[in-house]
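Taking it in order: structure first as C-alpha coordinates, then the write-up.
What you see is a predicted model; the values in this text were computed from it and never measured.
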Amino acid sequence: MRIKHANELAGAAWDTYQAGRQGHSGIARRQQDRLRALVAYARAHSLHFADRYRDAPDDLSDVTQLPIVTKAELMRDFDQWVTDPCVRRAEVETFIADPTRIGRDYLGRYVVCTTSGSTGTPAIVLHDQQALTVYNMLGYVRSLPTALMSLPGIWALIRGRGRMAAVFVTDGHFLGNTMMARRLRAAPWRAGMQRLLSALSPLGELVENLNDFQPVVLGGYPSVLELLADEQLACRLHISPVLISAAGETLTATARQHITETFGCRVTNYYGSSEAIGLTFECSSQRLHANTDWYIVEPVDDHHQPVQPGQLSHDVLVTNLANRIQPIIRYPLGDRVVIGIESCSCGSPFPTIEVVGRTDDILLYRGFQGESIHILPLAIATVAEETPGVTTCQLIQRGPSNLTVRFIAASTRNKQQTWDALRTRLAAYLAEQGASGVIIENDAQPPKLHPSSGKFRQVYADCPGVNAGARHAQRARRRGRKQGLTPPVQFVGEVVLQRRYR
(Lines give C-alpha, C1' and ligand atoms only; values in the text may rest on other atoms or scores of the structure.)
Protein backbone atom coordinates (compact mmCIF):
# COMPACT_ATOMS: atom_id res chain seq x y z
CA MET A 1 0.00 0.00 0.00
CA ARG A 2 2.83 2.41 0.89
CA ILE A 3 4.61 1.63 -2.40
CA LYS A 4 1.39 2.31 -4.31
CA HIS A 5 0.90 5.63 -2.49
CA ALA A 6 4.51 6.64 -3.14
CA ASN A 7 4.08 5.84 -6.83
CA GLU A 8 0.91 7.96 -6.95
CA LEU A 9 2.72 10.89 -5.35
CA ALA A 10 5.65 10.57 -7.72
CA GLY A 11 3.32 10.36 -10.73
CA ALA A 12 1.32 13.41 -9.60
CA ALA A 13 4.51 15.40 -8.97
CA TRP A 14 5.92 14.53 -12.40
CA ASP A 15 2.67 15.42 -14.17
CA THR A 16 2.46 18.73 -12.30
CA TYR A 17 6.01 19.55 -13.34
CA GLN A 18 5.47 18.48 -16.96
CA ALA A 19 2.25 20.48 -17.39
CA GLY A 20 4.14 23.71 -16.88
CA ARG A 21 6.91 22.70 -19.28
CA GLN A 22 4.52 21.63 -22.05
CA GLY A 23 2.93 25.07 -22.26
CA HIS A 24 -0.58 26.09 -23.27
CA SER A 25 -1.29 23.00 -25.38
CA GLY A 26 -0.31 20.59 -22.60
CA ILE A 27 -2.42 22.48 -20.07
CA ALA A 28 -5.45 22.65 -22.39
CA ARG A 29 -5.23 18.93 -23.19
CA ARG A 30 -5.11 17.97 -19.52
CA GLN A 31 -7.99 20.30 -18.69
CA GLN A 32 -10.23 18.92 -21.44
CA ASP A 33 -9.48 15.25 -20.66
CA ARG A 34 -10.09 15.78 -16.95
CA LEU A 35 -13.32 17.67 -17.53
CA ARG A 36 -14.76 14.86 -19.64
CA ALA A 37 -13.70 12.27 -17.07
CA LEU A 38 -15.19 14.27 -14.18
CA VAL A 39 -18.52 14.85 -15.95
CA ALA A 40 -18.78 11.16 -16.88
CA TYR A 41 -18.07 10.20 -13.27
CA ALA A 42 -20.58 12.72 -11.90
CA ARG A 43 -23.26 11.47 -14.26
CA ALA A 44 -22.65 7.86 -13.24
CA HIS A 45 -22.35 8.31 -9.47
CA SER A 46 -24.24 11.49 -8.47
CA LEU A 47 -28.04 11.43 -8.68
CA HIS A 48 -28.05 15.23 -8.70
CA PHE A 49 -25.77 15.54 -11.70
CA ALA A 50 -27.39 12.62 -13.50
CA ASP A 51 -30.58 14.69 -13.51
CA ARG A 52 -28.92 18.09 -14.17
CA TYR A 53 -26.88 16.72 -17.09
CA ARG A 54 -29.73 14.82 -18.68
CA ASP A 55 -29.71 17.18 -21.69
CA ALA A 56 -25.97 17.86 -21.79
CA PRO A 57 -24.08 16.46 -24.80
CA ASP A 58 -22.26 13.14 -24.38
CA ASP A 59 -19.29 14.39 -26.40
CA LEU A 60 -18.57 17.41 -24.24
CA SER A 61 -16.37 19.99 -25.96
CA ASP A 62 -16.69 23.01 -23.64
CA VAL A 63 -17.60 23.56 -19.99
CA THR A 64 -20.13 26.23 -20.99
CA GLN A 65 -22.32 23.43 -22.36
CA LEU A 66 -23.10 22.54 -18.74
CA PRO A 67 -25.52 24.36 -16.40
CA ILE A 68 -24.32 26.48 -13.48
CA VAL A 69 -24.91 25.01 -9.99
CA THR A 70 -25.07 27.13 -6.83
CA LYS A 71 -24.01 26.42 -3.28
CA ALA A 72 -27.60 26.70 -2.03
CA GLU A 73 -28.84 24.24 -4.66
CA LEU A 74 -26.14 21.69 -3.92
CA MET A 75 -26.54 21.89 -0.15
CA ARG A 76 -30.30 21.37 -0.48
CA ASP A 77 -29.60 18.25 -2.51
CA PHE A 78 -26.55 17.13 -0.53
CA ASP A 79 -27.30 13.40 -0.34
CA GLN A 80 -27.88 13.24 -4.10
CA TRP A 81 -24.87 15.51 -4.85
CA VAL A 82 -22.21 13.27 -3.28
CA THR A 83 -20.96 10.31 -5.31
CA ASP A 84 -20.51 7.88 -2.40
CA PRO A 85 -23.84 6.44 -1.19
CA CYS A 86 -22.31 5.89 2.26
CA VAL A 87 -22.09 9.67 2.76
CA ARG A 88 -25.20 11.21 4.28
CA ARG A 89 -25.64 14.82 5.35
CA ALA A 90 -27.15 14.00 8.75
CA GLU A 91 -24.18 11.80 9.63
CA VAL A 92 -21.66 14.34 8.32
CA GLU A 93 -23.29 17.05 10.44
CA THR A 94 -23.01 14.81 13.51
CA PHE A 95 -19.35 14.27 12.65
CA ILE A 96 -18.52 17.98 12.37
CA ALA A 97 -20.50 18.79 15.52
CA ASP A 98 -17.90 16.82 17.51
CA PRO A 99 -14.74 18.92 18.09
CA THR A 100 -12.76 15.80 19.00
CA ARG A 101 -13.02 14.68 15.36
CA ILE A 102 -11.24 17.73 13.94
CA GLY A 103 -8.39 16.35 11.85
CA ARG A 104 -9.91 12.88 11.51
CA ASP A 105 -11.12 11.59 8.14
CA TYR A 106 -14.85 11.00 7.79
CA LEU A 107 -15.49 7.29 7.09
CA GLY A 108 -11.72 6.93 7.22
CA ARG A 109 -11.30 8.33 3.71
CA TYR A 110 -12.67 11.88 3.34
CA VAL A 111 -11.46 15.23 4.67
CA VAL A 112 -14.46 17.29 5.79
CA CYS A 113 -14.45 21.04 6.21
CA THR A 114 -17.08 23.72 6.59
CA THR A 115 -17.20 27.12 4.93
CA SER A 116 -18.34 30.33 6.54
CA GLY A 117 -21.65 32.00 5.78
CA SER A 118 -19.89 34.99 4.24
CA THR A 119 -21.90 34.63 1.03
CA GLY A 120 -25.10 33.95 2.93
CA THR A 121 -24.99 30.14 2.63
CA PRO A 122 -22.50 27.98 4.55
CA ALA A 123 -21.41 24.70 2.99
CA ILE A 124 -20.05 21.31 3.99
CA VAL A 125 -17.21 20.25 1.69
CA LEU A 126 -15.61 16.82 1.35
CA HIS A 127 -12.32 16.01 -0.40
CA ASP A 128 -11.15 12.54 -1.42
CA GLN A 129 -7.63 11.14 -1.30
CA GLN A 130 -6.93 11.68 -5.00
CA ALA A 131 -7.83 15.34 -4.66
CA LEU A 132 -5.58 15.73 -1.60
CA THR A 133 -2.67 14.28 -3.56
CA VAL A 134 -3.24 16.83 -6.34
CA TYR A 135 -3.49 19.74 -3.90
CA ASN A 136 -0.25 18.72 -2.19
CA MET A 137 1.65 18.40 -5.45
CA LEU A 138 0.43 21.78 -6.68
CA GLY A 139 1.84 23.26 -3.50
CA TYR A 140 5.15 21.41 -3.47
CA VAL A 141 5.93 21.72 -7.19
CA ARG A 142 4.63 25.22 -7.96
CA SER A 143 4.23 27.25 -4.77
CA LEU A 144 7.05 26.11 -2.49
CA PRO A 145 10.01 26.61 -4.88
CA THR A 146 8.97 30.22 -5.47
CA ALA A 147 8.41 30.87 -1.77
CA LEU A 148 11.90 29.60 -0.89
CA MET A 149 13.78 31.03 -3.85
CA SER A 150 17.15 31.66 -2.24
CA LEU A 151 19.71 29.38 -0.64
CA PRO A 152 20.02 31.74 2.37
CA GLY A 153 16.27 31.42 2.85
CA ILE A 154 16.44 27.64 2.76
CA TRP A 155 19.37 27.63 5.18
CA ALA A 156 17.53 29.99 7.55
CA LEU A 157 14.54 27.64 7.44
CA ILE A 158 16.74 24.67 8.33
CA ARG A 159 18.51 26.64 11.06
CA GLY A 160 15.14 27.53 12.55
CA ARG A 161 14.15 23.84 12.48
CA GLY A 162 11.24 24.66 10.20
CA ARG A 163 9.14 26.17 12.99
CA MET A 164 5.87 27.28 11.43
CA ALA A 165 3.08 29.25 13.08
CA ALA A 166 -0.26 30.07 11.50
CA VAL A 167 -2.95 32.42 12.80
CA PHE A 168 -6.40 31.35 11.61
CA VAL A 169 -9.80 30.54 13.05
CA THR A 170 -9.22 27.37 15.06
CA ASP A 171 -12.71 26.58 16.30
CA GLY A 172 -14.62 24.07 14.20
CA HIS A 173 -13.89 22.14 11.01
CA PHE A 174 -12.64 25.08 8.96
CA LEU A 175 -10.10 24.15 6.31
CA GLY A 176 -6.92 25.52 7.92
CA ASN A 177 -7.77 24.07 11.32
CA THR A 178 -8.74 20.69 9.86
CA MET A 179 -5.63 20.30 7.71
CA MET A 180 -3.25 21.32 10.50
CA ALA A 181 -4.91 18.93 12.97
CA ARG A 182 -4.82 16.18 10.34
CA ARG A 183 -1.06 16.60 9.83
CA LEU A 184 -0.41 16.54 13.59
CA ARG A 185 -2.48 13.38 14.01
CA ALA A 186 -0.48 11.68 11.25
CA ALA A 187 2.86 12.82 12.68
CA PRO A 188 2.63 13.91 16.35
CA TRP A 189 6.34 14.82 16.33
CA ARG A 190 5.40 17.87 14.25
CA ALA A 191 3.76 19.45 17.30
CA GLY A 192 7.09 20.95 18.31
CA MET A 193 7.55 22.49 14.86
CA GLN A 194 4.05 23.61 13.91
CA ARG A 195 1.68 25.73 15.93
CA LEU A 196 -1.80 26.93 15.01
CA LEU A 197 -2.85 30.05 16.91
CA SER A 198 -6.42 31.26 17.13
CA ALA A 199 -7.41 34.48 15.41
CA LEU A 200 -10.05 34.73 18.14
CA SER A 201 -7.33 35.35 20.74
CA PRO A 202 -6.60 38.86 22.01
CA LEU A 203 -3.71 40.51 20.18
CA GLY A 204 -1.50 40.56 23.28
CA GLU A 205 -1.90 36.81 23.70
CA LEU A 206 -0.92 36.21 20.06
CA VAL A 207 2.18 38.34 20.50
CA GLU A 208 3.19 36.46 23.64
CA ASN A 209 2.77 33.05 21.94
CA LEU A 210 4.74 34.10 18.87
CA ASN A 211 7.56 35.54 20.96
CA ASP A 212 7.74 32.25 22.83
CA PHE A 213 7.64 30.04 19.71
CA GLN A 214 9.87 32.14 17.39
CA PRO A 215 8.54 30.84 14.04
CA VAL A 216 10.66 31.06 10.90
CA VAL A 217 7.53 30.68 8.75
CA LEU A 218 4.43 32.70 9.62
CA GLY A 219 1.01 32.34 7.99
CA GLY A 220 -2.26 34.09 8.55
CA TYR A 221 -4.96 36.44 7.37
CA PRO A 222 -3.53 39.70 5.97
CA SER A 223 -5.50 41.66 8.55
CA VAL A 224 -3.76 39.71 11.34
CA LEU A 225 -0.35 40.03 9.69
CA GLU A 226 -0.74 43.82 9.43
CA LEU A 227 -1.55 44.07 13.12
CA LEU A 228 1.42 41.86 13.97
CA ALA A 229 3.64 44.10 11.85
CA ASP A 230 2.46 47.07 13.92
CA GLU A 231 3.31 45.12 17.09
CA GLN A 232 6.79 44.40 15.70
CA LEU A 233 7.31 48.10 14.97
CA ALA A 234 6.15 48.94 18.48
CA CYS A 235 8.81 46.53 19.84
CA ARG A 236 6.26 44.30 21.53
CA LEU A 237 6.68 41.48 19.00
CA HIS A 238 10.21 40.14 18.45
CA ILE A 239 10.31 37.50 15.71
CA SER A 240 12.50 37.02 12.61
CA PRO A 241 10.57 34.96 10.03
CA VAL A 242 12.18 34.12 6.69
CA LEU A 243 8.84 33.63 4.97
CA ILE A 244 5.32 35.00 5.56
CA SER A 245 2.34 33.48 3.78
CA ALA A 246 -0.90 35.44 3.52
CA ALA A 247 -4.19 33.70 2.80
CA GLY A 248 -7.90 33.93 3.50
CA GLU A 249 -8.33 37.63 2.73
CA THR A 250 -7.26 40.12 0.09
CA LEU A 251 -3.59 41.10 0.41
CA THR A 252 -3.37 44.69 -0.80
CA ALA A 253 -0.16 46.16 -2.21
CA THR A 254 0.04 48.53 0.76
CA ALA A 255 -0.36 45.69 3.25
CA ARG A 256 2.26 43.57 1.48
CA GLN A 257 4.74 46.44 1.51
CA HIS A 258 4.15 47.16 5.20
CA ILE A 259 4.56 43.50 6.21
CA THR A 260 7.60 43.00 3.97
CA GLU A 261 9.42 46.11 5.20
CA THR A 262 8.64 45.42 8.83
CA PHE A 263 9.79 41.81 8.96
CA GLY A 264 12.40 42.05 6.19
CA CYS A 265 11.40 38.80 4.52
CA ARG A 266 9.48 37.47 1.54
CA VAL A 267 5.67 37.70 1.70
CA THR A 268 3.63 35.36 -0.50
CA ASN A 269 -0.05 35.44 -1.35
CA TYR A 270 -2.69 32.82 -2.13
CA TYR A 271 -6.25 32.81 -3.45
CA GLY A 272 -8.54 29.83 -3.13
CA SER A 273 -11.45 28.48 -1.15
CA SER A 274 -12.54 25.38 0.74
CA GLU A 275 -14.14 24.16 -2.50
CA ALA A 276 -11.05 24.98 -4.59
CA ILE A 277 -7.89 24.16 -2.64
CA GLY A 278 -4.75 24.80 -4.67
CA LEU A 279 -6.55 27.08 -7.11
CA THR A 280 -3.59 29.47 -7.52
CA PHE A 281 0.11 29.91 -6.92
CA GLU A 282 2.21 33.06 -6.73
CA CYS A 283 5.19 33.44 -9.06
CA SER A 284 8.53 35.20 -8.63
CA SER A 285 6.94 38.40 -10.03
CA GLN A 286 4.41 38.35 -7.16
CA ARG A 287 1.48 37.64 -9.46
CA LEU A 288 -1.15 34.98 -8.91
CA HIS A 289 -1.53 32.26 -11.54
CA ALA A 290 -4.50 29.88 -11.82
CA ASN A 291 -3.67 26.16 -11.90
CA THR A 292 -5.74 25.61 -15.03
CA ASP A 293 -4.59 22.04 -15.57
CA TRP A 294 -6.73 21.13 -12.52
CA TYR A 295 -9.20 24.03 -12.43
CA ILE A 296 -11.42 25.81 -14.92
CA VAL A 297 -11.89 29.48 -14.04
CA GLU A 298 -14.70 31.41 -15.77
CA PRO A 299 -15.09 35.15 -15.12
CA VAL A 300 -18.73 36.09 -15.78
CA ASP A 301 -20.97 39.16 -15.73
CA ASP A 302 -24.13 39.61 -13.67
CA HIS A 303 -26.05 37.46 -16.20
CA HIS A 304 -23.43 34.69 -16.01
CA GLN A 305 -22.16 35.50 -19.49
CA PRO A 306 -18.39 35.22 -20.16
CA VAL A 307 -16.20 38.24 -19.46
CA GLN A 308 -13.16 38.74 -21.66
CA PRO A 309 -9.58 38.74 -20.29
CA GLY A 310 -8.58 42.15 -19.00
CA GLN A 311 -12.12 42.98 -17.83
CA LEU A 312 -13.37 42.88 -14.24
CA SER A 313 -16.00 40.20 -13.73
CA HIS A 314 -19.13 40.31 -11.59
CA ASP A 315 -18.52 36.75 -10.36
CA VAL A 316 -16.29 33.79 -11.12
CA LEU A 317 -17.29 30.19 -11.77
CA VAL A 318 -14.86 27.46 -10.77
CA THR A 319 -14.67 23.79 -11.74
CA ASN A 320 -12.52 21.53 -9.55
CA LEU A 321 -11.23 18.74 -11.79
CA ALA A 322 -9.54 16.81 -8.97
CA ASN A 323 -12.32 16.06 -6.47
CA ARG A 324 -14.70 13.20 -7.26
CA ILE A 325 -16.60 12.72 -3.97
CA GLN A 326 -18.37 16.08 -4.31
CA PRO A 327 -18.15 17.38 -7.90
CA ILE A 328 -17.67 21.16 -8.07
CA ILE A 329 -18.61 22.10 -11.65
CA ARG A 330 -19.37 25.68 -12.76
CA TYR A 331 -19.77 26.78 -9.16
CA PRO A 332 -19.97 30.55 -8.33
CA LEU A 333 -17.40 31.66 -5.75
CA GLY A 334 -18.82 35.18 -5.33
CA ASP A 335 -15.58 37.02 -6.15
CA ARG A 336 -14.72 39.53 -8.85
CA VAL A 337 -11.63 38.69 -10.88
CA VAL A 338 -9.60 39.82 -13.87
CA ILE A 339 -7.81 37.27 -16.04
CA GLY A 340 -4.61 38.74 -17.48
CA ILE A 341 -4.30 39.50 -21.18
CA GLU A 342 -0.53 39.36 -21.51
CA SER A 343 1.92 36.67 -20.50
CA CYS A 344 3.60 37.11 -17.13
CA SER A 345 7.23 38.19 -16.98
CA CYS A 346 8.00 35.03 -14.97
CA GLY A 347 7.43 32.98 -18.13
CA SER A 348 4.73 30.70 -16.69
CA PRO A 349 2.13 29.48 -19.23
CA PHE A 350 -0.59 29.53 -16.56
CA PRO A 351 -2.91 32.58 -16.77
CA THR A 352 -2.58 35.37 -14.24
CA ILE A 353 -5.55 36.27 -12.08
CA GLU A 354 -6.26 39.38 -10.02
CA VAL A 355 -8.92 39.10 -7.37
CA VAL A 356 -11.32 41.63 -5.89
CA GLY A 357 -12.96 39.50 -3.25
CA ARG A 358 -15.69 40.07 -0.73
CA THR A 359 -14.82 43.00 1.50
CA ASP A 360 -15.08 42.81 5.26
CA ASP A 361 -13.83 45.46 7.64
CA ILE A 362 -11.69 45.44 10.74
CA LEU A 363 -13.83 47.09 13.42
CA LEU A 364 -12.29 49.36 16.03
CA TYR A 365 -13.64 50.10 19.50
CA ARG A 366 -12.26 51.80 22.59
CA GLY A 367 -10.73 49.67 25.32
CA PHE A 368 -11.10 49.97 29.07
CA GLN A 369 -8.04 52.24 29.23
CA GLY A 370 -9.07 54.31 26.19
CA GLU A 371 -6.83 52.36 23.81
CA SER A 372 -7.95 51.16 20.35
CA ILE A 373 -9.15 47.56 20.15
CA HIS A 374 -9.06 45.86 16.74
CA ILE A 375 -11.84 43.35 16.07
CA LEU A 376 -11.00 41.02 13.19
CA PRO A 377 -13.96 40.34 10.88
CA LEU A 378 -13.27 36.62 10.55
CA ALA A 379 -13.08 36.20 14.28
CA ILE A 380 -16.26 38.01 15.29
CA ALA A 381 -18.18 36.50 12.35
CA THR A 382 -17.16 33.04 13.52
CA VAL A 383 -18.44 33.76 17.02
CA ALA A 384 -21.79 34.79 15.53
CA GLU A 385 -22.03 31.96 12.98
CA GLU A 386 -21.37 29.26 15.55
CA THR A 387 -24.19 30.40 17.82
CA PRO A 388 -26.73 27.55 17.89
CA GLY A 389 -29.79 28.45 15.82
CA VAL A 390 -28.09 31.08 13.61
CA THR A 391 -28.15 30.26 9.90
CA THR A 392 -26.99 33.61 8.42
CA CYS A 393 -25.77 36.80 10.04
CA GLN A 394 -24.45 40.27 9.25
CA LEU A 395 -22.56 42.56 11.66
CA ILE A 396 -22.42 46.33 11.14
CA GLN A 397 -20.61 48.97 13.19
CA ARG A 398 -22.65 52.19 13.05
CA GLY A 399 -20.83 54.20 15.69
CA PRO A 400 -17.88 54.22 18.09
CA SER A 401 -19.74 52.01 20.60
CA ASN A 402 -22.32 50.28 18.41
CA LEU A 403 -22.67 46.84 16.84
CA THR A 404 -25.84 46.19 14.83
CA VAL A 405 -26.73 42.58 14.13
CA ARG A 406 -28.91 41.20 11.36
CA PHE A 407 -29.52 37.47 11.46
CA ILE A 408 -31.78 34.67 10.29
CA ALA A 409 -32.72 32.04 12.85
CA ALA A 410 -33.17 28.40 11.97
CA SER A 411 -36.51 28.47 13.79
CA THR A 412 -38.81 31.48 14.00
CA ARG A 413 -40.34 29.96 17.12
CA ASN A 414 -36.99 30.18 18.94
CA LYS A 415 -35.79 33.43 17.41
CA GLN A 416 -35.77 35.38 20.70
CA GLN A 417 -33.86 32.60 22.41
CA THR A 418 -31.36 32.54 19.55
CA TRP A 419 -30.95 36.33 19.75
CA ASP A 420 -30.31 36.20 23.49
CA ALA A 421 -27.59 33.58 22.96
CA LEU A 422 -26.10 35.49 20.02
CA ARG A 423 -25.95 38.78 21.93
CA THR A 424 -24.41 37.07 24.96
CA ARG A 425 -21.70 35.41 22.86
CA LEU A 426 -20.85 38.62 21.00
CA ALA A 427 -20.72 40.64 24.23
CA ALA A 428 -18.46 38.06 25.86
CA TYR A 429 -16.12 38.00 22.87
CA LEU A 430 -15.86 41.80 22.67
CA ALA A 431 -15.18 42.00 26.40
CA GLU A 432 -12.53 39.30 26.10
CA GLN A 433 -10.83 41.36 23.39
CA GLY A 434 -10.86 44.37 25.72
CA ALA A 435 -13.60 46.42 24.01
CA SER A 436 -15.53 48.57 26.46
CA GLY A 437 -19.17 49.66 26.47
CA VAL A 438 -20.23 48.26 23.09
CA ILE A 439 -24.01 48.36 22.65
CA ILE A 440 -25.23 45.36 20.64
CA GLU A 441 -28.52 45.95 18.82
CA ASN A 442 -30.78 43.67 16.83
CA ASP A 443 -31.88 44.95 13.42
CA ALA A 444 -35.20 43.34 12.54
CA GLN A 445 -34.22 43.30 8.85
CA PRO A 446 -32.52 40.20 7.44
CA PRO A 447 -28.94 40.38 6.11
CA LYS A 448 -28.76 42.48 2.95
CA LEU A 449 -26.44 43.25 0.06
CA HIS A 450 -24.26 46.29 0.66
CA PRO A 451 -25.99 49.39 -0.79
CA SER A 452 -22.81 50.66 -2.49
CA SER A 453 -21.07 47.52 -3.77
CA GLY A 454 -24.16 45.39 -4.35
CA LYS A 455 -22.22 42.48 -2.79
CA PHE A 456 -22.88 40.63 0.45
CA ARG A 457 -20.58 41.96 3.15
CA GLN A 458 -20.81 40.11 6.42
CA VAL A 459 -18.84 42.50 8.63
CA TYR A 460 -18.47 46.18 7.82
CA ALA A 461 -18.29 49.65 9.35
CA ASP A 462 -20.87 52.28 8.44
CA CYS A 463 -19.81 55.31 10.47
CA PRO A 464 -18.46 57.92 8.00
CA GLY A 465 -17.85 60.67 10.54
CA VAL A 466 -15.47 58.48 12.51
CA ASN A 467 -13.87 56.91 9.43
CA ALA A 468 -12.72 60.28 8.12
CA GLY A 469 -10.49 60.70 11.14
CA ALA A 470 -9.36 57.11 10.80
CA ARG A 471 -8.14 57.67 7.25
CA HIS A 472 -6.09 60.63 8.52
CA ALA A 473 -4.61 58.34 11.19
CA GLN A 474 -3.77 55.72 8.57
CA ARG A 475 -1.86 58.24 6.46
CA ALA A 476 0.02 59.47 9.53
CA ARG A 477 0.86 55.93 10.53
CA ARG A 478 2.24 55.13 7.09
CA ARG A 479 4.35 58.30 7.11
CA GLY A 480 5.63 57.26 10.51
CA ARG A 481 6.57 53.81 9.20
CA LYS A 482 8.67 55.32 6.42
CA GLN A 483 10.41 57.60 8.94
CA GLY A 484 11.01 54.75 11.39
CA LEU A 485 8.53 56.06 13.95
CA THR A 486 6.27 54.05 16.21
CA PRO A 487 2.72 53.99 14.79
CA PRO A 488 0.29 56.34 16.52
CA VAL A 489 -2.87 55.26 18.26
CA GLN A 490 -5.58 54.73 15.65
CA PHE A 491 -8.93 56.44 15.71
CA VAL A 492 -12.03 54.43 16.42
CA GLY A 493 -13.66 53.29 13.19
CA GLU A 494 -10.50 52.89 11.10
CA VAL A 495 -11.15 50.07 8.66
CA VAL A 496 -9.14 47.96 6.27
CA LEU A 497 -11.18 46.37 3.50
CA GLN A 498 -10.62 42.65 3.37
CA ARG A 499 -11.99 39.57 1.63
CA ARG A 500 -12.58 36.55 3.77
CA TYR A 501 -12.22 32.84 3.19
CA ARG A 502 -11.59 29.85 5.31
Student check: side-chain heavy atoms of M137 and Y17 closer than 4.5 Å = no
Taking C-beta and beyond as the side chain, do D15 and R30 meet within less than 4.5 Å on heavy atoms?
-> yes
Hey, does P377 have a side-chain heavy atom less than 4.5 Å from the side chain of Y460?
-> no
Start with the C-alpha distance between R36 and D58, add both sets of side-chain angles, then the distance that settles salt bridge (Lys or Arg N to Asp or Glu O under 4.0 Å), and finish with yes or no.
-> CA-CA 9 Å; R36 288 176 175 171; D58 293 328; over 6 Å; no
Atom CZ of F213 with >12 non-hydrogen neighbours under 6.0 angstrom | yes
Gap between atom CD1 of I244 and atom CG of L251 - 0.5 Å precision | 10.5 Å
Are any non-hydrogen side-chain atoms of Q308 and Q311 less than 4.5 angstrom apart?
-> yes
Value rounded to 0.5 Å, distance of CG in N211 from CD in E231 | 9.5 Å
Stepwise side-chain hydrogen bond (donor to acceptor under 3.5 Å, both in side chains) test for S285 and S345 | CA-CA 7 Å; S285 300; S345 59; 2.9 Å; yes
What pairs with F263 under ring-ring contact (aromatic ring centres under 6.0 Å, His included), at least two apart in sequence or on another chain?
-> none
Yes or no on side-chain contact (heavy atoms from CB on, under 4.5 Å) for L218 and L210, after CA distance, side-chain angles and deciding distance?
-> CA-CA 9 Å; L218 176 63; L210 289 170; 4.1 Å; yes
Look up atom OG in S201 and atom CD in E208, then write down how far apart they are to the nearest 0.5 Å.
-> 11.0 Å
Hey, what's the ring geometry for F281 with H289, parallel, tilted or perpendicular (30° and 60° as the breaks)?
-> parallel
Starting from the C-alpha separation in whole Å, work towards a yes-or-no answer on side-chain hydrogen bond (donor to acceptor under 3.5 Å, both in side chains) for Q65 and S61.
-> CA-CA 8 Å; Q65 294 173 291; S61 60; 3.1 Å; yes
Can you tell me how far CG of L279 sits from OH of Y295, rounded to the nearest 0.5 angstrom?
-> 6.0 Å
Hey, what do you get for CD1 (I329) to CG (L35), rounding to the nearest 0.5 Å?
-> 7.0 Å
Q129 side chain vs R109 backbone, donor-acceptor pair below 3.5 Å | yes
Pair F174 + F168: ring centers closer than 6.0 Å = no
Decide yes or no for S245 and V217: does some side-chain heavy atom of the first lie under 4.5 Å from some side-chain heavy atom of the second?
-> no
Closest non-hydrogen atom pair, A322 against D128 | O-OD1, 4.1 Å
Within the side chain of N323, is there an N or O that forms a donor-acceptor pair under 3.5 Å with the backbone of P327?
-> no
State, without any angle test, whether Q22 and R29 hold a side-chain donor-acceptor pair at a distance under 3.5 Å.
-> yes
Looking only at heavy atoms, the pair that brings A123 and Y331 closest together is CB-OH, 4.5 Å
Give a yes or no answer on whether the side chain of Q32 reaches the backbone of L60 with a donor-acceptor pair at less than 3.5 Å.
-> yes
First locate atom CD1 of I277, then atom CE of M179, and finally report the distance between them rounded to the nearest 0.5 Å.
-> 6.0 Å
On the ring face of Y41, is R324 found with NZ or CZ under 6.0 Å from the centre and within 45° of the axis?
-> yes
side-chain contact (heavy atoms from CB on, under 4.5 Å) assessment of S313 paired with V300 | CA-CA 5 Å; S313 73; V300 293; 5.8 Å; no
Could you give me the CA-CA distance, side-chain angles and deciding distance for V207 and H238, then say whether side-chain contact (heavy atoms from CB on, under 4.5 Å) is met?
-> CA-CA 8 Å; V207 168; H238 309 279; over 6 Å; no
For residues E261 and Q257, is any side-chain donor paired with an opposing acceptor at under 3.5 Å?
-> yes
Identify the two heavy atoms, one from A247 and one from P222, that lie closest to each other, and give their separation to 0.1 Å.
-> O-CD, 3.5 Å
If you look at every heavy atom in L364 and Q397, which pair is closest and at what distance?
-> O-NE2, 3.0 Å
Is it true that a side-chain atom of Q31 and a backbone atom of T292 form a donor plus acceptor pair closer than 3.5 Å?
-> yes
May I ask you to decide if Q194's main-chain N or O and R183's side chain share a donor-acceptor pair within less than 3.5 Å?
-> no
On a heavy-atom basis, the closest approach of A290 and V297 is CB-CG2, 4.2 Å
Before giving the answer on salt bridge (Lys or Arg N to Asp or Glu O under 4.0 Å), spell out for R236 and E205 the whole-Å C-alpha distance, their side-chain angles and the decisive distance to 0.1 Å.
-> CA-CA 11 Å; R236 289 185 287 268; E205 185 177 317; over 6 Å; no
If we ignore angles and hydrogens, is there a donor and acceptor under 3.5 Å between the side chains of Y135 and N291?
-> no
Taking atom types as modelled, find out whether E275 and Q326 have a side-chain donor-acceptor pair closer than 3.5 angstrom.
-> no
Kindly indicate whether the side chain of T262, heavy atoms from C-beta on, has any atom under 4.5 Å from the side chain of I259.
-> no
Work out which heavy atom in T280 is nearest to a heavy atom in Y271; give both atom names and the distance.
-> OG1-O, 2.8 Å
Beyond-backbone contact of V216 with L243, side-chain heavy atoms, under 4.5 angstrom = no
Dump the intermediate steps for salt bridge (Lys or Arg N to Asp or Glu O under 4.0 Å) on E226 and R256, then the final yes or no.
-> CA-CA 9 Å; E226 273 210 286; R256 187 197 287 266; over 6 Å; no
Under a 4.5 Å cut-off applied to non-hydrogen side-chain atoms, are V338 and T352 in contact?
-> no
Evaluate salt bridge (Lys or Arg N to Asp or Glu O under 4.0 Å) for E298 paired with R330, printing each intermediate quantity in order.
-> CA-CA 8 Å; E298 301 177 75; R330 305 204 76 202; 2.8 Å; yes
Do the numbers put R34 on top of the ring of W294, so that NZ or CZ is under 6.0 Å from the six-membered ring centre and no more than 45° off the axis?
-> yes
Please answer whether the main-chain N or O of H173 pairs with a side-chain N or O of N177 as donor and acceptor at a distance below 3.5 Å.
-> no
Derivation and outcome, side-chain contact (heavy atoms from CB on, under 4.5 Å), residues V307 and R336 = CA-CA 11 Å; V307 169; R336 307 182 73 189; over 6 Å; no
